[in-house]
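Every chain is numbered from 1, with letters handed out A, B, ... down the list of sequences.
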2 protein chains.
Amino acid sequence: METNSLKRYELKAEMFKALSHPMRILMLDKLKERPWCVCELATEVGIDKSVASKHLSQLKTAGLIDDEKRGTLVEYRLVAPCVLELAACAEGSVLQNRRKRLETGG
Amino acid sequence: METNSLKRYELKAEMFKALSHPMRILMLDKLKERPWCVCELATEVGIDKSVASKHLSQLKTAGLIDDEKRGTLVEYRLVAPCVLELAACAEGSVLQNRRKRLETGG
DNA sequence: TGCAAAGTTTCCAATATTAGAAACAAGATG
DNA sequence: CATCTTGTTTCTAATATTGGAAACTTTGCA
């Protein structure tokens with residue numbers, strides 16, 4: 001297997017890594033409703049603004065959200081809502097499977 | 001924000017974490033073609049069988065793949081192909097966005 | 001029984017991620 | 001200019017992830 005083959009999956013993997021933290025999914029869910037600035041969103045989800053800023057930065061790097069400066073505020077907005085619907089789809093099929101496994105202890 | 005709200009996203013986050021490693025996406029891509037046993041797949045993607053086993057274990061825990069013992073072999077098979085199509089869709093929208101950002105240095 | 005093959009688990013060292021505090025930068029406003 | 005607000009970056013310690021070697025289990029077979 002060539003190194004190149006693995007390389008083909010790196011960007012995709014980074015996108016999934018951005019989605020791999022419950023707090024970041026929660027933030028995306030909030031951003032689905034409307035744009036938020038950092039402080040406001042940090043308060044809403046109950047974390048420090050520096051932590052929120054870093055999470056948002058990761059989501060932006062992954063291409064999931066975008067930002068726009070508005071005076072002293074930075075407004076973040078969802079770029080790819082389809083990703084969340086995909087997550088919902090996954091919840092339907094994959095997570096059912098996973099829950100079943102957890103229950104049966106398999 | 002209640003702890004419960006964040007808890008709602010943990011299973012979803014774990015699924016995405018399972019997808020957050022390029023090697024695991026590559027392995028899923030192989031499993032999309034047909035079922036593989038551990039040694040065979042490990043050789044195909046060029047890693048140690050113990051590493052392959054651990055990656056497959058993570059994918060199974062996430063509910064993305066399933067396994068079946070066949071004598072001394074363990075055959076792994078894809079459970080939720082939709083997830084990979086999801087990834088492909090994401091490649092179309094999100095990754096384009098991300099590549100643009102990488103090029104412009106934003 | 002003895003041995004080989006397939007997988008899993010354990011151990012280790014290297015690396016990455018995370019939260020939060022503190023320092024810092026950039027606008028807004030009096 | 002002084003200061004406040006917003007947001008990012010830096011620093012630290014705790015925790016998690018990773019690959020590979022080695023030990024181990026299980027199954028098949030002579």
Side-chain angles (χ1 to χ4, degrees), chain A residues 1 3 6-7 9-11 13-28 30-31 35-62 64-77 101 105-106, chain B residues 1 3 6-7 9-11 13-28 30-31 35-62 64-77 101 105-106:
Chain A
M1 177 60 46
T3 300
L6 192 59
K7 210 153 186 138
Y9 297 98
E10 283 175 6
L11 279 183
E14 278 186 48
M15 184 198 65
F16 285 124
K17 186 181 291 184
L19 290 164
S20 75
H21 194 294
M23 180 55 75
R24 286 195 289 270
I25 305 184
L26 169 56
M27 293 173 96
L28 283 176
K30 289 293 171 185
L31 289 167
W36 293 72
C37 64
V38 180
C39 264
E40 204 182 15
L41 186 52
T43 300
E44 172 74 11
V45 302
I47 58 177
D48 191 88
K49 64 177 181 171
S50 74
V51 177
S53 175
K54 279 179 284 191
H55 280 311
L56 289 167
S57 169
Q58 288 177 75
L59 291 170
K60 183 183 165 189
T61 299
L64 296 167
I65 63 177
D66 209 347
D67 64 346
E68 187 178 356
K69 298 204 74 168
R70 285 179 118 68
T72 170
L73 302 179
V74 176
E75 200 173 84
Y76 282 91
R77 105 176 59 65
R101 188 183 313 288
Chain B
M1 177 60 45
T3 301
L6 191 59
K7 208 150 189 147
Y9 296 99
E10 282 175 7
L11 280 183
E14 278 186 47
M15 183 198 67
F16 285 124
K17 186 182 292 185
L19 290 164
S20 75
H21 194 293
M23 179 54 75
R24 287 195 288 271
I25 305 183
L26 170 56
M27 295 173 95
L28 282 176
K30 290 292 171 184
L31 289 168
W36 294 72
C37 64
V38 180
C39 264
E40 204 182 15
L41 185 51
T43 301
E44 172 76 11
V45 303
I47 57 177
D48 190 88
K49 64 177 179 170
S50 74
V51 177
S53 175
K54 279 179 284 190
H55 280 312
L56 289 167
S57 169
Q58 288 178 76
L59 291 170
K60 183 184 166 189
T61 298
L64 297 166
I65 64 178
D66 209 347
D67 65 346
E68 188 177 355
K69 300 203 73 168
R70 284 177 120 68
T72 171
L73 302 178
V74 177
E75 201 173 83
Y76 281 92
R77 109 177 54 69
R101 188 182 314 287

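- Minimum interatomic distance between B:Pro35 and B:Glu75 (heavy atoms only, all atoms of both residues): CB-CG, 3.6 Å.
- Rounded to 10°, the angle separating the first-five-pair axis and the last-five-pair axis of the helix from C:dT1-D:dA30 to C:dG30-D:dC1 equals 10°.
- Here the shortest heavy-atom pairing between A:Lys49 and A:Val38 reads O-CG1, 3.8 Å.
- The heavy-atom pair separating A:Leu31 from A:Tyr76 by the smallest distance is CD2-O, 3.3 Å.
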Sugar-phosphate or base contact per nucleotide [nucleotides 15-24 of chain C; S, B, -; heavy atom under 4.0 Å]: --SSBBBB--

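- The aromatic rings of B:Phe16 and A:Phe16 lie parallel to each other, with less than 30° between the two planes, well short of the 60° mark.
- At whole-Å resolution of the value, NZ in A:Lys69 and C1' in C:dA28 are 12 Å apart.
- Within the 4.5 Å cutoff, the side chain of A:His55 has heavy atoms near those of the A:Gln58 side chain.
- Contact record, A:Val45 with A:Lys30: CG1-CG, 4.4 Å, taken as the closest heavy-atom pair.
- Atom OG1 of A:Thr43 sits about 9.5 Å away from atom CG of A:Asp48, to the nearest 0.5 Å.
- Spacing between atom CD of B:Glu40 and atom C1' of C:dG7 amounts to 14 Å, rounded to whole angstrom units.
- The minimum heavy-atom distance between B:Ala13 and A:His21, with the atom names listed, is CB-C, 3.9 Å.
- Along DNA chain D, read 5' to 3', the first and last nucleotides having any atom under 4.0 Å from a heavy atom of chain A are D:dT5 to D:dT10.
- Counting only heavy atoms from C-beta outward, the side chains of B:Leu56 and B:Asp67 never approach each other to under 4.5 Å.
- Smallest separation of non-hydrogen atoms from A:Leu64 and A:Ala18: CD1-CB, 4.1 Å.
- Look at B:Tyr76 and you'll find a side-chain N or O under 4.0 angstrom from OP1 or OP2 of C:dT8.
- Listed pair B:Ser53 / C:dG7 fails the phosphate criterion, with no side-chain N or O lying under 4.0 Å from OP1 or OP2.
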